[in-house]
Visitor: 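Dumping the structure here so I can ask a few things about it.
Throughout, a chain's letter reflects where its sequence line sits, starting with A, and its residues are numbered from 1.
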There are 2 protein chains.
Amino acid sequence: MQDQSEVSPCLALDAATPEVLGDDVIERLRAIAVQHGAVAAGTRIFRAGEPFRAIYGVRIGAIKAIRYDGTGEEQVVAFHLPGEFFGLTGIHSDHYVNTTVALERTAVCGLPYQRLFHVANEHPRLRRQLMRLMSGVILTEQDQYAAMAGHTADARLAFLLLDLRERMSRGGAPQDRLRLPMTRAELGSSAGLAPETTSRVFQQFRRRELIEASGRNIRFLDLAGLRRLAVPLTHPGHGTGRTTAA
Amino acid sequence: MQDQSEVSPCLALDAATPEVLGDDVIERLRAIAVQHGAVAAGTRIFRAGEPFRAIYGVRIGAIKAIRYDGTGEEQVVAFHLPGEFFGLTGIHSDHYVNTTVALERTAVCGLPYQRLFHVANEHPRLRRQLMRLMSGVILTEQDQYAAMAGHTADARLAFLLLDLRERMSRGGAPQDRLRLPMTRAELGSSAGLAPETTSRVFQQFRRRELIEASGRNIRFLDLAGLRRLAVPLTHPGHGTGRTTAA
DNA sequence: CGAGGTGTTGAATAGAATCAACTCATGTGG
DNA sequence: CCACATGAGTTGATTCTATTCAACACCTCG
């Protein structure tokens, strides 16, 4: 019954192994997790403004988080892939702030926040993991922001593609290929670009033989080249901070 | 001995009142909080890559969180104002990911994370508040992202000014005036704009009589006009304090 | 006083958005 | 089964926005 490619984030918070979290915690999480069946593309998981009840994890498929600006135009705020959580902003606001929509056939699981909190009350390890999870989300959010602000369309999309590749492959997907769950328009929106620009950049990448792309199927031909284009995320662990500027 | 304008975020996490947090928790926080003396503009609080030890709160002054991209160019990721926390991304990475610098004469307080966690182990209310804090940071980060992506320079700067105004006034500062702690270049960088563009937009705002601006002193003349320009953040039930993270 | 950072302004350029047309694949109903 | 509608993706021409390069005014600080 289980799809091989299924990821159960709600039972292993933030990719924590059972050793980290403990079997007892996993058991408790299993007890409170609500496993939703797969829904069709276009299905809304929750809407902005609805009362916050649970945080969600993606098991199969993909989710987009969107907002509508003044003109009713849709703006993509984030994509959520298998193993990732969403809806965490609701904790602060008591209401969901984004609307979330399945991009393809998608299954999610829900962790009712009150119950999750109760479980955490008894398990310090879960508490620590929750903090790590939230901190990680802040980090990704900032990476995204830094990668978009003040950079060209090429750089943004190169970053996005590499980012999606890495996140997809975390679930065991092949490293050299990528099936995009979103349209060019959605991809562009999340990068602050018009759909046409997105399409043109894809063409440019093809011409420069960085990727092969037929529709939503991407094949990476020159990862180094893409990385050179993308905004480098200089996360610690390497390279000393360059102190001498001019 | 206390400066009137001082805010002590480390003693009242995320603008929580003593009633929310409880006097005992406040007392415990006071015991672990490290109150740093004021430092001059340009002082680094921590550098990207340093081992994570504590989260910080701004008491007086202002902080910028920056990253360096490939070319050594500085990119502003966030500003932190009195009452706000920064350094939270370190929780996930065990290292700070941004470098943080005082923009003016600034005093911060540190909450050593391990100790904070220990205190939280004994106080569910503090745990809840911590989760709210982190969630709020994710929310702000997303707001920022949504406000920047795919919008004009006018819209971005209008948003930024209104945002700064609100966050400043939370500490009791006047609502109609604003003393910017950062340069045009820094403001622009955080919005993904060149310094010249920032300057020009300021001129435009002056001409349209939306603001008065002499140097870093801003006076708001037409808030409604600015809001019309800025990207509207349509948050449903919005309530409490805002927080930002490095 | 001069130095250097900050802010402003102008002219030229490059980059992305917009408007528009067209292809293609898919799906629908007649 | 085919005519047609639909949405996604591409491509071209044009317009507009923001960057870049450059020069200069201003202020503070040594």
Visitor: Please determine whether a side-chain nitrogen or oxygen atom of B/Thr197 lies at a distance below 4.0 Å from atom OP1 or OP2 of D/dA18.
Guide: no
Visitor: Whole angstrom is fine here: how far is it from CZ in A/Arg206 over to C1' in D/dG9?
Guide: 9 Å
Visitor: Quick one: does A/His151's side chain get under 4.5 Å of B/Asp69's, heavy atoms only?
Guide: yes
Visitor: Within a 6.0 Å radius of atom CZ on A/Arg167, are there more than 12 heavy atoms belonging to other residues, nucleotides or ligands?
Guide: yes
Visitor: With heavy atoms under 4.0 Å as the rule, sort B/Gly188 into base, sugar-phosphate or nothing.
Guide: nothing
Visitor: Could you check which of C/dG7, D/dT19, D/dT10 has an atom nearest any side-chain atom of A/Arg184?
Guide: D/dT10
Visitor: Tell me whether A/Arg105 at atom CZ has more than 12 heavy atoms from other residues, nucleotides or ligands lying less than 6.0 Å away.
Guide: no
Visitor: With respect to the phosphate group of D/dT19, does any side-chain polar atom (N or O) of B/Arg200 fall under 4.0 Å of OP1 or OP2?
Guide: no
Visitor: CZ of A/Phe202 versus C1' of D/dA8: gap in Å, rounded?
Guide: 13 Å
Visitor: In this structure, how many angstroms lie between the P atom of D/dA18 and the CZ atom of A/Arg156, rounded?
Guide: 12 Å
Visitor: For A/Asn217 and C/dA25, what is the distance between atoms CG and P respectively, to the nearest whole Å?
Guide: 14 Å
Visitor: D/dT20, C/dT8, C/dA16: which one has an atom nearest the side-chain heavy atoms of B/Ala194?
Guide: D/dT20
Visitor: Specify the separation, in whole Å, of atom CD of B/Glu73 and atom P of D/dT19.
Guide: 13 Å
Visitor: In whole angstrom, give the distance that lies between atom CD of B/Glu74 and atom P of C/dT6.
Guide: 10 Å
Visitor: Hey, which of B/Thr198, B/Thr152, B/Leu162 is the one that makes side-chain contact (heavy atoms from CB on, under 4.5 Å) with B/Leu157?
Guide: B/Thr198
Visitor: Would you indicate which nucleotide in C/dA16, C/dT9, D/dA8 comes nearest to any side-chain atom of A/Thr152?
Guide: C/dA16
Visitor: With the side chain of B/Leu193 defined as its heavy atoms from C-beta on, choose the nearest nucleotide among D/dT19, C/dT9, D/dA8.
Guide: D/dT19
Visitor: Under 4.0 Å, counting only non-hydrogen atoms across every strand here, what does B/Gly150 touch: a base, just sugar-phosphate, or nothing?
Guide: nothing
Visitor: Determine, step by step, whether B/Arg206 and B/Gln203 satisfy the side chain to side chain donor-acceptor pair (under 3.5 Å) criterion, reporting the C-alpha distance in whole Å, the side-chain angles of both residues, the deciding distance to 0.1 Å, and the verdict.
Guide: CA-CA 5 Å; B/Arg206 272 190 273 245; B/Gln203 279 309 79; 2.3 Å; yes
Visitor: Choosing from C/dA16, C/dT6, D/dA18, which nucleotide comes nearest the side chain of B/Thr183?
Guide: C/dT6
Visitor: What is the distance, rounded to the nearest whole Å, between atom CD of B/Glu196 and atom C1' of D/dC21?
Guide: 8 Å
Visitor: What is the separation between atom CG on A/Leu157 and atom P on D/dT10, rounded to the nearest whole Å?
Guide: 12 Å
